[in-house]
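Written below as structure tokens is the structure these notes are about.
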There are 2 protein chains.
Amino acid sequence: MRKNSDQCQFVVALDSIVGKWKPLILYHLLQGKPLRFNELRRLLPDITQRMLTLHLRELEEEEIVKRVVYPQIPPKVEYSITEYGTSLSPILETLHQWGVAHVERKQLKKEKNERTETD
Amino acid sequence: MRKNSDQCQFVVALDSIVGKWKPLILYHLLQGKPLRFNELRRLLPDITQRMLTLHLRELEEEEIVKRVVYPQIPPKVEYSITEYGTSLSPILETLHQWGVAHVERKQLKKEKNERTETD
DNA sequence: CTGAATCCTGCCCGATACTG
DNA sequence: CAGTATCGGGCAGGATTCAG
């Protein structure tokens with residue numbers, strides 16, 4: 001340890017963000033409104049219950065997401081972004097912008113290739 | 001497709017960055033100086049040849065990294081960041097800052113817990 | 001020195017069924 | 001409604017060997 005101990009901290013940050021569904025979960029929670037379990041499920045059509053719970057637990061563990069249980073029947077649980085969690089917002093925003101640009105770039109390149117092929 | 005097609009683009013960005021060693025590779029190449037294959041290996045003490053080549057190929061594929069072969073014996077290959085690749089710099093920087101803060105936060109919390117336990 | 005080719009392994013995630 | 005429990009597959013990544 002300690003070798004690159006300071007330089008590698010983006011790996012730490014990535015760990016909090018990476019996971020097949022975490023970025024999407026965060027995206028929705030960062031809208032600000034608390035969401036119930038099944039609301040999140042509906043917003044992420046292809047996620048399984050299992051993965052949703054697992055990822056939420058991990059985010060909760062890092063205090064990025066807050067879980068509030070309303071003791072009632074039927075159960076009601078709300079998930080929301082913590083204040084600390086909002087500090088991820090600029091990261092996601094930057095990633096999103098870069099992603100959009102990257103896709104456009106690829107698209108342009110593809111079109112260019114197709115044009116030169118038909119010459 | 002197209003469901004969240006615009007919102008999910010951070011996933012695209014993450015794909016370019018994620019991979020066990022990609023962030024480290026990028027970190028070193030973003031220093032600006034072109035690096036030879038074995039120089040990178042030395043900088044990433046625990047990476048295997050296989051993973052280094054694979055990750056470099058992926059980065060090259062996305063035009064984030066440029067590969068220059070000097071036809072000579074023994075072979076010499078230099079990797080450097082492309083101009084396009086430098087656009088990742090702010091992302092890595094933001095991630096790094098957040099990572100550092102996140103680790104510190106965890107550390108503080110741990111110390112606090114240890115203190116209350118010994119009460 | 002810079003790889004490519006195989007083989008192997010862990011573990012992330014998915015599918016499904018069950019519960020308070 | 002909001003979860004657990006269990007089983008299994010796929011794929012990223014590691015170890016090793018060969019090659020120009």
Side-chain angles (χ1 to χ4, degrees), chain A residues 3-4 8 10-12 14-29 33-62 65-81, chain B residues 3-4 8 10-29 33-62 64-81:
Chain A
K3 27 189 176 184
N4 294 329
C8 326
F10 28 58
V11 180
V12 175
L14 281 173
D15 277 345
S16 303
I17 290 178
V18 167
K20 185 161 181 185
W21 305 97
K22 273 189 199 173
L24 277 311
I25 294 173
L26 288 173
Y27 169 79
H28 288 296
L29 289 180
K33 198 161 64 96
L35 293 171
R36 301 181 59 170
F37 189 80
N38 273 359
E39 286 180 313
L40 274 169
R41 266 196 18 168
R42 270 188 290 278
L43 291 169
L44 278 46
D46 295 336
I47 198 171
T48 60
Q49 281 191 345
R50 171 190 161 78
M51 290 320 294
L52 183 52
T53 32
L54 284 181
H55 279 156
L56 284 171
R57 290 291 180 282
E58 290 175 25
L59 292 169
E60 192 190 349
E61 173 79 13
E62 309 205 340
V65 159
K66 186 173 50 185
R67 179 173 179 261
V68 179
V69 182
Y70 296 86
Q72 61 185 49
I73 308 291
K76 174 178 174 185
V77 179
E78 275 188 349
Y79 294 91
S80 55
I81 201 85
Chain B
K3 27 186 177 191
N4 294 328
C8 321
F10 28 59
V11 180
V12 175
L14 280 172
D15 277 345
S16 303
I17 290 179
V18 167
K20 185 161 181 187
W21 305 96
K22 272 189 200 172
L24 277 311
I25 294 174
L26 288 173
Y27 169 78
H28 289 296
L29 289 180
K33 198 162 65 96
L35 293 171
R36 301 182 57 171
F37 189 81
N38 273 359
E39 287 180 312
L40 274 169
R41 269 212 341 176
R42 271 189 290 277
L43 292 170
L44 280 43
D46 295 335
I47 198 173
T48 60
Q49 283 190 345
R50 172 189 159 78
M51 290 320 295
L52 183 52
T53 28
L54 284 181
H55 279 155
L56 283 171
R57 289 294 180 281
E58 290 175 24
L59 292 169
E60 192 190 349
E61 173 78 13
E62 310 206 337
I64 292 168
V65 159
K66 185 173 49 185
R67 178 171 178 262
V68 178
V69 183
Y70 296 86
Q72 60 185 49
I73 308 290
K76 174 180 173 182
V77 180
E78 274 187 348
Y79 294 91
S80 56
I81 201 82

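Chain identifiers are assigned alphabetically (A, B, ...) following the order of the sequence lines, protein sequences preceding nucleic acid strands; residue numbering begins at 1 within each chain.
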Atom [atom1] of [X] to atom [atom2] of [N]: distance rounded to whole Å?
| X | N | atom1 | atom2 | value |
| --- | --- | --- | --- | --- |
| B:Leu52 | D:dA12 | CG | C1' | 16 Å |
| A:Glu39 | D:dA2 | CD | P | 8 Å |
| B:Leu56 | C:dG3 | CG | C1' | 11 Å |
| B:Leu35 | C:dC1 | CG | C1' | 15 Å |
| B:Gln49 | C:dC7 | CD | P | 19 Å |
| B:Leu44 | D:dG13 | CG | P | 13 Å |
| B:Lys76 | C:dG3 | NZ | C1' | 17 Å |
| A:Ile73 | C:dG20 | CD1 | C1' | 8 Å |

Side-chain heavy-atom pair [X], [Y] within 4.5 angstrom cut-off:
| X | Y | value |
| --- | --- | --- |
| B:Pro23 | A:Leu14 | yes |
| B:Leu44 | B:Met51 | no |
| B:Asn38 | B:Arg36 | no |
| A:Arg67 | A:Val65 | no |
| A:Leu24 | B:Val11 | yes |
| B:Ile81 | B:Ile64 | yes |

### Task
Name the nucleic acid region contacted by B:Arg41, choosing base, sugar-phosphate or nothing; use a 4.0 angstrom heavy-atom cut-off, strictly under.
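Nothing, no heavy atom under 4.0 Å.
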_Base, sugar-phosphate or nothing for B:Tyr79? Non-hydrogen atoms, less than 4.0 Å._
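The residue B:Tyr79 makes sugar-phosphate contact but no base contact.
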Nearest to the [X] side chain among [options], which nucleotide is it?
| X | options | value |
| --- | --- | --- |
| A:Asn38 | C:dG3, C:dT2, D:dA2 | D:dA2 |
| A:Pro74 | C:dA4, D:dC1, D:dA2 | D:dC1 |
| A:Phe37 | C:dG3, D:dC1, D:dG3 | D:dG3 |

Would you indicate, yes or no, if C:dG3 has its OP1 or OP2 atom less than 4.0 angstrom from a side-chain nitrogen or oxygen of B:Arg67?
->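 For B:Arg67, the contact criterion (side-chain N or O under 4.0 Å from OP1 or OP2 of C:dG3) is met.
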*asked:* So for the helix from C:dC1-D:dG20 to C:dG20-D:dC1, with five pairs setting each end axis, what is the inter-axis angle to 10°?
replied: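 Roughly 40° between the end axes, to the nearest 10°.
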Quick check for you: to the nearest 0.5 Å, what is the distance between A:Leu40 atom CG and A:Gln49 atom CD?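 Between A:Leu40 CG and A:Gln49 CD, I get 12.5 Å after rounding to 0.5 Å.
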B/S/- along nucleotides 10-15 of chain C (protein heavy atoms under 4.0 Å) is ---BBB
For A:Arg41, side chain to side chain donor-acceptor pair (under 3.5 Å) partners two or more places apart |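 Result, side chain to side chain donor-acceptor pair (under 3.5 Å) vs A:Arg41: none returned.
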field: A:Leu59 versus A:Lys22, closest heavy-atom pair with distance
entry: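 Heavy-atom minimum between the residues: CD2-CD, 4.0 Å.
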